Amino acid sequence: MKKVISIILVFVFLLAMQTIAIAAPAPKTVDVLLDASSTTIKVGQEVTLTATTDKQGSGYIDSWDEAEKIDTIHDTEAETYVSTAKFTGITPGTYTITYEITMSSGKSDVTFNGVKSVEITVVQDSKIKGAAIYNVKVTPTYNPNGHLTGYDAEGDLYAVWDNGDETYYGKVEFNFSPNQESRNYDVIIEGVTYTVKDIQRPAN
C-alpha cells in the first residue's frame, strides 16, 4: 500500500513540474512614447495622437481606448512600431486616452507589454451671456362678464452666446396685463437666470 502511495505522489510531483515548465513567463515591460498634438481643445476640435514603441519580437497586437485608431506601421529605419489615432472633443470634460501594445518573440513564449496614457481636456468654446424670446403669440383672456383680463403669451426661447450665436432652448409661456404693451421676463437656462427685456406684445 505504501508503495502505491509513493508511486502516486511521484506521479503528482512530475505532473506539477511539467505544468510549471510549460507555464508562459510574465510579459516584459517596455516603454511607450505617447504624444498628443494638443492636450486642451475646444468642443468640435480634433487631436492627433502618436504612440512609438521600440520593436521587440516579430509580431504585435495593439489597441487605443477612448480614441479612434488610424494606423500602426513598422518603422524599419528606427526599428519602432508607430501607431496613430484621433480624438474629437464632443462634450466638455477631461478624457484619458490609453494606448497598449503587446509584442511576441517568434516561437518562444516571451512577450513584451507597453501601456501609456494621456489626458485630453475639452472646453466649451463660448459661454451663454443672455437669452432672447422670439415669435411671441398672444391670446386674449376674459372674465365671465366678458371684460378683458389680459393676454396669455407664448414664445420661442433662445440662449444667446458670447460669440453671437443663438441656440433654440424651448417654448416659454408668460402673460401681459390688459394695458401692458411690453414687459421683462426672467428665464432659467442651464441653472442660471437671465432677464429678457422689453418683450413687445404683438397685436392680436
Side-chain angles (χ1 to χ4, degrees), residues 8-129 158-170 188-192:
I8 292 174
L9 290 174
V10 170
F11 177 76
V12 171
F13 176 77
L14 291 175
L15 182 62
M17 291 299 294
Q18 183 179 9
T19 302
I20 294 173
I22 63 175
K28 295 184 178 180
T29 301
V30 294
D31 292 330
V32 176
L33 176 62
L34 180 54
D35 178 68
S37 58
S38 178
T39 55
T40 300
I41 60 173
K42 298 177 181 179
V43 170
Q45 292 184 328
E46 185 177 283
V47 173
T48 300
L49 302 115
T50 304
T52 305
T53 313
D54 288 339
K55 181 180 180 296
Q56 305 288 341
S58 57
Y60 73 92
I61 298 175
D62 67 348
S63 63
W64 288 89
D65 184 36
E66 292 286 351
E68 181 183 349
K69 180 178 177 179
I70 299 174
D71 195 13
T72 300
I73 63 170
H74 173 204
D75 184 338
T76 54
E77 292 187 5
E79 278 302 299
T80 58
Y81 286 121
V82 181
S83 184
T84 53
K86 63 180 180 180
F87 169 82
T88 303
I90 304 299
T91 56
T94 300
Y95 300 83
T96 301
I97 313 299
T98 301
Y99 174 75
E100 181 172 8
I101 183 170
T102 299
M103 297 171 286
S104 57
S105 181
K107 296 181 180 180
S108 72
D109 294 325
V110 179
T111 57
F112 305 85
N113 182 257
V115 181
K116 192 72 173 181
S117 297
V118 64
E119 287 190 346
I120 306 295
T121 300
V122 181
V123 298
Q124 185 63 259
D125 185 20
S126 57
K127 296 180 180 179
I128 297 175
K129 71 171 185 178
Y158 283 76
V160 180
W161 300 83
D162 58 9
N163 64 357
D165 291 341
E166 296 183 349
T167 305
Y168 176 70
Y169 200 76
I188 299 176
I189 299 177
E190 302 296 328
V192 179

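Computed from a predicted model, the values in this text were never measured in an experiment.
Of the N and O atoms on the side chains of Thr48 and Ser37, not one donor lies less than 3.5 Å from an acceptor on the other residue.
Between Trp161 and Thr167, the shortest heavy-atom contact is NE1-OG1, 2.8 Å. Residues Ala36 and Leu49 share a closest heavy-atom pair of CB-CD2, 4.1 Å. Here the shortest heavy-atom pairing between Glu190 and Tyr169 reads N-OH, 3.3 Å. The minimum heavy-atom distance between Ile41 and Gly89, with the atom names listed, is CD1-N, 3.8 Å. Ile120 and Ser38 make their closest contact through CD1-O, 3.4 Å (heavy atoms, listed as atom of the first residue, atom of the second, distance). Contact between Thr121 and Thr94 at its shortest, heavy atoms only, is OG1-OG1, 3.6 Å.
Of the inter-residue distances, the one linking Ile128 atom CD1 with Asp165 atom CG reads 11.5 Å to the nearest 0.5 angstrom. Thr50 contributes atom OG1, which lies 6.0 Å from atom CG of Asp35 (distance to the nearest 0.5 angstrom). Distance check: Thr53 OG1 to Leu34 CG gives 9.5 Å after rounding to the nearest 0.5 Å. Taking CZ from Phe112 and CD from Gln56, the interatomic distance works out to 5.0 Å, rounded to the nearest 0.5 Å. Atom NZ in Lys55 sits 9.0 Å away from atom CE in Met103 (nearest 0.5 Å).
Of the possible polar contacts, one joining the Asp162 side chain to the Lys127 backbone as a donor-acceptor pair under 3.5 Å is found.
Dense packing is recorded around CD of Glu166, with more than 12 heavy atoms of other residues, nucleotides or ligands lying under 6.0 Å away. Residue-environment remark: CG (Asp31) stays at or below the threshold of 12 foreign heavy atoms within 6.0 Å.
Using a 4.5 Å heavy-atom cutoff, the side chains of Glu46 and Thr88 are in contact. The closest side-chain heavy-atom distance from Lys86 to Ile70 is below 4.5 Å. Counting heavy atoms from C-beta outward, Asp65 and Ile97 have side chains that stay 4.5 Å or more apart. Put simply, the side chain of Val110 reaches to within 4.5 Å of the side chain of Lys28, judged on heavy atoms. At a threshold of 4.5 Å between non-hydrogen side-chain atoms, the residues Tyr99 and Ile101 count as touching. Put simply, the side chain of Glu100 does not reach to within 4.5 Å of the side chain of Trp64, judged on heavy atoms. Counting only heavy atoms from C-beta outward, the side chains of Val43 and Val122 approach each other to under 4.5 Å. Side-chain contact between Asn113 and Val30: absent, with no pair of heavy atoms (C-beta onward) separated by less than 4.5 Å.
Take Lys69 and apply the side-chain hydrogen bond (donor to acceptor under 3.5 Å, both in side chains) test, not counting sequence neighbours, and it matches Asp62, Thr72. Residues satisfying the side-chain contact (heavy atoms from CB on, under 4.5 Å) test with Asp71, not counting sequence neighbours, are Ile73, Thr84.
Phe87 has its ring centre less than 6.0 Å from the ring centre of Tyr95.
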Where do Ser104 and Tyr60 land on the side-chain contact (heavy atoms from CB on, under 4.5 Å) test, with the steps shown first? CA-CA 6 Å; Ser104 57; Tyr60 73 92; over 6 Å; no

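Ring planes of Tyr168 and Tyr158: perpendicular class, angle over 60° (limits at 30 and 60°).
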